[in-house]
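Data first, discussion second: the structure below is written as structure tokens.
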Amino acid sequence: MSRLFRDVEGGPRCPHGSVVCIGAFDGLHLGHQALVRHALVRARALDVPCVVLSFEPLPREFFAPNDPPPRLMLPRTKAGRLFEMGVDQLGLLRFDRRLCSLSAEEFAHQVLVHRLNAREVWVGPEFRFGKARGGDIGVLKAVGQAHGFVAGEIEPVQVDGERVSATRIRQALREGDFATAERFLGRPYAIAGHVVQGKQLGRTLGFPTANLRFGGRTPALSGIYATWVHGVGDAPRASVSSLGTRPTVDGVEPLLEAHLFDFDGDLYGRRIEVEFVAKLRDELKFSDLPALTAQMHRDAAEAREILSKEQHHAFV
């Protein structure tokens with residue numbers, strides 16, 4: 001049986017029971033990690049699978065397609081990190097009209113009781129679910145009482161007296177405050193993906209780049225950054241990266257373009273991770289390509305200077 005499932009319908013996946021935790025888990029920050037670890041401990045104590053339930057697209061992306069929340073993490077990265085933590089099964093449930101029309105009680109019965117045979121269900125603080133966000137921890141406890149599972153919520157996780165949340169991390173990234181983002185995430189902020197082929201304009205200008213796409217999602221960053229690229233050789237590679245729509249060449253789709261210093265090789269298809277260290281400037285529209293190229297040289301010099309003073313992280 002695949003460890004990843006997408007549908008609320010279907011037969012039972014955990015005949016002997018499970019421990020379930022539910023949330024968006026965007027970014028998998030310290031609060032999310034605490035919830036997952038708690039569920040893992042309970043699952044191991046009961047000798048049943050630990051199941052994480054999340055949603056794809058995120059509910060706010062579904063309800064506000066013209067103003068979606070910036071994504072901290074793409075689905076594949078989220079799945080990979082959850083499985084690395086020891087999660088046995090992951091439900092990336094398709095958030096569509098059918099799912100959002102289910103009442104909280106219907107969702108709990110169909111997914112938690114029928115599909116997952118939950119023995120315990122754990123959520124974060126202020127968790128809401130079901131049609132019109134009608135379900136909360138009280139509803140979960142009531143359904144659990146009727147169907148034989150225990151429901152609970154964990155306490156908020158705080159760092160330096162401030163509650164950890166995806167909203168606060170997005171704000172820190174928007175402000176170029178990578179130190180705060182790292183404290184709340186428990187790791188440096190990075191974007192991972194497979195390198196795709198671009199228009200090769202950077203190569204023409206003397207700045208070949210490794211490009212990552214976002215699959216229609218909105219990134220949490222925009223601008224030019226000093227970065228480390230992981231996944232190319234044994235050590236991280238110093239780089240300068242642009243994240244945006246490339247207005248000088250009338251681009252539309254968000255694209256992450258990483259130029260690795262002193263590197264000449266083919267990275268197409270390789271999975272890399274771009275770690276953000278410092279913001280250099282906002283994305284600008286230049287009058288012509290020579291003006292853009294001149295600025296790229298200045299950006300590269302500044303990024304080299306910053307990274308020469310940085311001790312890169314051992315990336316886990």
> Does the pair D26/K78 count as a salt bridge with the N-to-O cut at 4.0 Å?
Replying inline: no
> More than 12 heavy atoms of other residues, nucleotides or ligands under 6.0 Å from CD of E126: is that the case?
Replying inline: no
> Which pair of heavy atoms, one from A192 and one from T77, lies closest together, and at what distance?
Replying inline: CB-OG1, 3.7 Å
> How would you list, by chain and number, every residue that makes a side chain to side chain donor-acceptor pair (under 3.5 Å) with E175, sequence neighbours excluded?
Replying inline: Q171
> Quick one: do R213 and E253 make a salt bridge, cutoff under 4.0 Å?
Replying inline: yes
> For I154, which fellow cluster members are found when Ile, Leu, Val, Met, Phe, Trp and Tyr are connected by side-chain heavy-atom distances below 4.5 angstrom, either directly or through intermediates?
Replying inline: L4, V19, F25, L28, L35, V36, L40, L46, V48, V52, M73, L82, F83, M85, V87, L90, L92, W122
>> Taking CD in Q145 as the centre, count heavy atoms belonging to other residues, nucleotides or ligands within less than 6.0 Å. Is the count above 12?
In response: no
>> Do Q110 and R115 pair up side chain to side chain, a donor and an acceptor below 3.5 Å, judged on atom types alone?
In response: no
> Do the ring centers of F178 and Y189 come within less than 6.0 Å of each other?
Replying inline: no
>> Does the structure place the NZ or CZ of R304 under 6.0 Å from the centre of the six-membered ring of F261, at an angle of no more than 45° from the ring's axis?
In response: yes
>> Taking the ring centre of each residue, are H147 and H109 less than 6.0 Å apart?
In response: yes
> How about F207 and H297: are their ring centres within less than 6.0 Å of each other?
Replying inline: yes
> Angle class for the F95/F63 ring planes (parallel below 30°, perpendicular above 60°, tilted otherwise)?
Replying inline: perpendicular
>> Running the 4.5 Å side-chain criterion over Ile, Leu, Val, Met, Phe, Trp and Tyr, what cluster does V150 land in, apart from itself?
In response: none
